[in-house]
Amino acid sequence: PHNEISGSVVIFKDEAGELKVTWDKIADGFRNAGSDVIEVELADRYEKINENRFAIGSTEEDYHKLTAEIKSRGVTRIIHMASSGRKGIESIHDMDDCQKRGVYSLFYLTRALIEQRYSHDIDIVIISDRAEEVIQEDKILKPHNASVMAMAKVVTQEYPNLKCRC
């Protein structure tokens, strides 16, 4: 439940995705429970929009800038939803874009947290969609999202203070 959260909550989202209403409700739920919410939108480049809102590009350097900027805010939870809500892959460009928003995003975030010496426990929640077939009627699968889930398992094993769950 939201009322158990102490410290700041960082939400990675993709404004171009289909789940904007869901992301907004999650952020509002944390705000209403009194949490400090930092929203991070995937965009073309790094930009600090205001104290609680950032845009971030797909470079590792942008993740370092972000984690340096918010380190003093006591981040205890990160919700990574940037790989959910997108349509399927129709081209190699789409695949590259999906990997940047998914597995590369989690990889760069992990490296930035380690290099910025975030040593306290951080709960990282990965929210993705259609990585696996749940029922036979599932018409669209996004197997590239499974790589994000696999990366999350490895992160938790390699860095015990980064507790990833999917």
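In this chain, numbering begins with 1 at the start of the sequence shown. The shown structure was predicted, so the numbers you read here are calculated from the model rather than taken from an experiment. Side chains included, hydrogens not; waters and symmetry mates left out as well; all remaining heavy atoms used.
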Item to check | side chain to side chain donor-acceptor pair (under 3.5 Å): pairs with one or both residues in residues 156-165, sequence neighbours excluded | outcome: Asp123-Arg165

Item to check | Lys48 atom NZ, over 12 foreign heavy atoms within 6.0 Å | outcome: yes

Checklist outcome for this item: Residues Ile122 and Val75: closest non-hydrogen pair is CG1-O, 3.7 Å

Checklist entry - At what distance, to the nearest 0.5 angstrom, does CD1 of Ile124 lie from CG of Leu162? => result 4.5 Å

Item to check | Main-chain N/O of Gln116 paired to Lys71 side chain as donor or acceptor, under 3.5 Å | outcome: yes

Item to check | Steps toward side-chain contact (heavy atoms from CB on, under 4.5 Å) verdict (Glu47, Arg45) | outcome: CA-CA 6 Å; Glu47 179 184 359; Arg45 61 181 166 71; 3.8 Å; yes

Item to check | Cys164 versus Ala152, closest heavy-atom pair with distance | outcome: CB-O, 3.4 Å

Checklist entry - Between Thr67 and Glu115, is any pair of side-chain heavy atoms under 4.5 Å apart? => result no

Item to check | Closest non-hydrogen atom pair between Arg73 and Asp36, with its separation | outcome: NH2-OD1, 2.8 Å

Next on the checklist: I'd like to check the ring pair (Phe, Tyr, Trp, His ring centres under 6.0 Å) partners of Phe54; sequence neighbours left out, ordered by chain and number.
Outcome noted: none

Checklist entry - If we only count heavy atoms from C-beta on, is the Lys13 to Ile26 side-chain gap below 4.5 Å? => result no

Checklist entry - Is any side-chain heavy atom of Tyr63 less than 4.5 Å from a side-chain heavy atom of Val40? => result no

Next on the checklist: Around atom CG of Asp44, are there more than 12 heavy atoms from other residues, nucleotides or ligands closer than 6.0 Å?
Outcome noted: no

Checklist entry - With respect to Ile11, which candidate in Ile38, Val37, Ile78 satisfies the side chain to side chain contact (heavy atoms under 4.5 Å, CB included) definition? => result Val37

Which side-chain N or O atoms in residues 107-114 pair as donor and acceptor under 3.5 Å with protein atoms at least two apart or in another chain?
unit_1, atom_1, unit_2, atom_2, d
Thr110, OG1, Leu106, O, 2.8
Arg111, NE, Glu60, OE2, 2.5
Arg111, NH2, Glu60, OE2, 3.3

Next on the checklist: Can you tell me which residue among Glu39, Glu41, Glu69 is in a salt bridge (Lys or Arg N to Asp or Glu O under 4.0 Å) with Arg53?
Outcome noted: Glu41

Next on the checklist: Using 0.5 Å steps for rounding, measure from the NZ atom of Lys153 to the CD1 atom of Ile126.
Outcome noted: 12.5 Å

Item to check | Side-chain (Ser35) to main-chain (Val9) donor-acceptor, under 3.5 angstrom | outcome: no

Next on the checklist: Does this structure show an ion pair linking Asp28 with Lys25, if we count only N-O contacts that are shorter than 4.0 Å?
Outcome noted: no

